[in-house]
Amino acid sequence: MSSKNVLSSLEAMLFAAGDPVEPTKLAEVLNIDVENVIKMLGHLEAMYDENGSGLRLIHIDGKYQLCTREEYSDEVRSLLEIKKNTPLSQAAFEVLAIVAYNKSVTRSFIEQIRGVDCSGSISGLIQKGLIEEKGRLDLPGRPLVYGTTDRFLRCFSLNSLDDLPDLPDEEKKEDDSQTSLFENNSDNNQLLTENADKNTDKVLKTEGAQ
């Protein structure tokens with residue numbers, strides 16, 4: 001298969017998939033090495049950028065996905081009659097940050113940190129596709145465990161959770177109670193808020209009509 005055909009095949013598969021796809025899966029379908037697939041995906045990404053395409057190729061936790069560029073979000077919204085998402089409340093951002101920085105948590109863990117009932121915020125974040133149920137702990141009551149989604153990574157323009165901004169005073173946080181996550185941490189909350197407002201439109205594609 002020629003390089004041109006590989007590029008076209010990758011483009012077609014990613015467009016049809018909609019969701020992020022692992023390069024190993026693409027390599028399996030094309031029957032070529034993963035290294036070659038990743039190399040060709042790099043060419044595809046550069047091609048979109050150089051040609052000023054309305055599409056772009058993004059990386060999400062080691063996976064690849066096609067999406068529209070944020071500068072064309074108004075036109076896409078108008079065509080698909082998509083309403084702008086309701087901004088997250090401060091409470092929702094705090095819950096989301098707790099889940100993201102701890103990777104997987106229970107509701108009781110979140111509520112212990114915030115000191116208030118968080119069922120409403122958790123439900124809202126699940127509806128927006130930013131967090132999801134990851135399973136249950138093998139403890140009395142079998143509590144649900146929550147974690148972030150690929151949509152969360154797209155909205156905040158992150159390749160993985162390792163790209164989250166560093167929390168201040170890490171050593172102090174380890175010694176103090178976990179409520180220090182949001183004490184004197186307004187800068188990180190503001191950074192997360194600004195990134196979300198700026199990057200949410202990057203998820204606009206076929207599945208964006210939610």
Side-chain angles (χ1 to χ4, degrees), residues 1-85 96 99-100 103-104 125-135 146-165 191-192 194-210:
M1 184 180 293
S2 67
S3 296
K4 183 177 180 180
N5 287 339
V6 171
L7 279 175
S8 298
S9 296
L10 289 171
E11 184 178 41
M13 288 190 291
L14 290 171
F15 178 84
D19 294 326
V21 182
E22 296 179 353
T24 52
K25 182 63 176 179
L26 298 170
E28 179 183 342
V29 173
L30 295 177
N31 195 27
I32 60 177
D33 294 336
V34 176
E35 292 77 10
N36 288 331
V37 166
I38 295 175
K39 180 180 179 180
M40 297 306 291
L41 288 170
H43 290 324
L44 186 61
E45 180 180 8
M47 183 179 70
Y48 286 138
D49 293 340
E50 292 171 1
N51 294 337
S53 172
L55 300 177
R56 66 190 297 259
L57 184 63
I58 60 175
H59 313 161
I60 304 170
D61 200 17
K63 303 175 184 178
Y64 292 82
Q65 181 179 25
L66 283 179
C67 69
T68 58
R69 293 187 186 276
E70 59 270 26
E71 53 262 42
Y72 305 116
S73 61
D74 289 340
E75 291 85 351
V76 175
R77 287 184 187 279
S78 296
L79 176 65
L80 301 180
E81 298 181 351
I82 302 173
K83 294 182 179 179
K84 288 196 173 184
N85 293 329
L96 185 57
V99 176
K103 294 184 173 58
S104 60
L125 291 170
I126 291 176
Q127 291 177 4
K128 289 181 178 293
L130 297 175
I131 66 173
E132 63 184 358
E133 297 176 0
K134 297 290 189 179
Y146 300 96
T148 56
T149 64
D150 286 343
R151 184 179 178 87
F152 165 80
L153 296 176
R154 292 197 299 272
C155 287
F156 287 87
S157 193
L158 302 171
N159 289 330
S160 70
L161 293 178
D162 293 334
D163 294 331
L164 285 167
L191 179 58
L192 287 175
E194 292 173 353
N195 282 343
D197 293 340
K198 183 170 60 176
N199 293 309
T200 296
D201 288 332
K202 292 181 180 179
V203 304
L204 280 175
K205 52 183 190 63
T206 303
E207 64 106 21
Q210 297 178 352

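We number each residue from 1, following the sequence as shown.
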Which atom of Pro23 lies closest to which atom of Gly62, heavy atoms considered
CD-O, 3.2 Å

At what distance, to the nearest 0.5 angstrom, does NE2 of His59 lie from CG of Leu57?
5.0 Å

So, taking the atom named OG in Ser9 and the one named CG in Leu44, what distance separates them when rounded to the nearest 0.5 Å?
11.0 Å

If we ignore hydrogens and angles and just use 3.5 Å, is the side chain of Thr149 paired with the main-chain N or O of Gly129 as donor and acceptor?
yes

Counting only heavy atoms not in Asn51, do more than 12 sit closer than 6.0 Å to its CG atom?
yes

Salt bridge (charged side-chain N to carboxylate O under 4.0 Å, His left out) evaluation trace for Arg69 with Asp49:
CA-CA 10 Å; Arg69 293 187 186 276; Asp49 293 340; 2.7 Å; yes

Do the side chain of Arg151 and the main chain of Lys128 share a donor and acceptor less than 3.5 angstrom apart?
yes

d(Ile58 CD1, Asp150 CG) to nearest 0.5 Å is 9.5 Å

Going from CZ on Phe152 to CG on Leu161, what distance comes out if it is rounded to the nearest 0.5 angstrom?
6.0 Å

Are more than 12 heavy atoms from other residues, nucleotides or ligands located less than 6.0 Å from atom NZ of Lys25?
no

Close side-chain approach of Tyr146 to Leu125, heavy-atom, < 4.5 Å:
no

Give a yes or no answer on whether the side chain of Gln65 reaches the backbone of Gly18 with a donor-acceptor pair at less than 3.5 Å.
yes

Under the side-chain contact (heavy atoms from CB on, under 4.5 Å) criterion, do Leu26 and Leu14 qualify, and how do the steps go?
CA-CA 9 Å; Leu26 298 170; Leu14 290 171; 4.2 Å; yes

Nearest-0.5 Å distance that lies between atom CD in Glu45 and atom CE in Met40
13.5 Å

Evaluate Tyr64 against Val37 for side-chain contact (heavy atoms from CB on, under 4.5 Å), listing each step before the verdict.
CA-CA 11 Å; Tyr64 292 82; Val37 166; over 6 Å; no

Closest non-hydrogen atom pair between Glu75 and Glu71, with its separation
OE1-O, 4.0 Å

Once rounded to the nearest 0.5 Å, what's the spacing between atom CD1 of Ile131 and atom OG of Ser104?
12.0 Å

Would you check, one step at a time, whether the test side-chain contact (heavy atoms from CB on, under 4.5 Å) holds for Leu10 with Leu30?
CA-CA 9 Å; Leu10 289 171; Leu30 295 177; 3.7 Å; yes

Considering all heavy atoms of both residues, which atom of Pro20 and which atom of Lys63 are nearest to each other, and what is their separation?
CB-CB, 3.7 Å

Do Leu55 and Thr68 pass the side-chain contact (heavy atoms from CB on, under 4.5 Å) test, and can you show the C-alpha distance, the side-chain angles, and the key distance before you say yes or no?
CA-CA 4 Å; Leu55 300 177; Thr68 58; 4.2 Å; yes

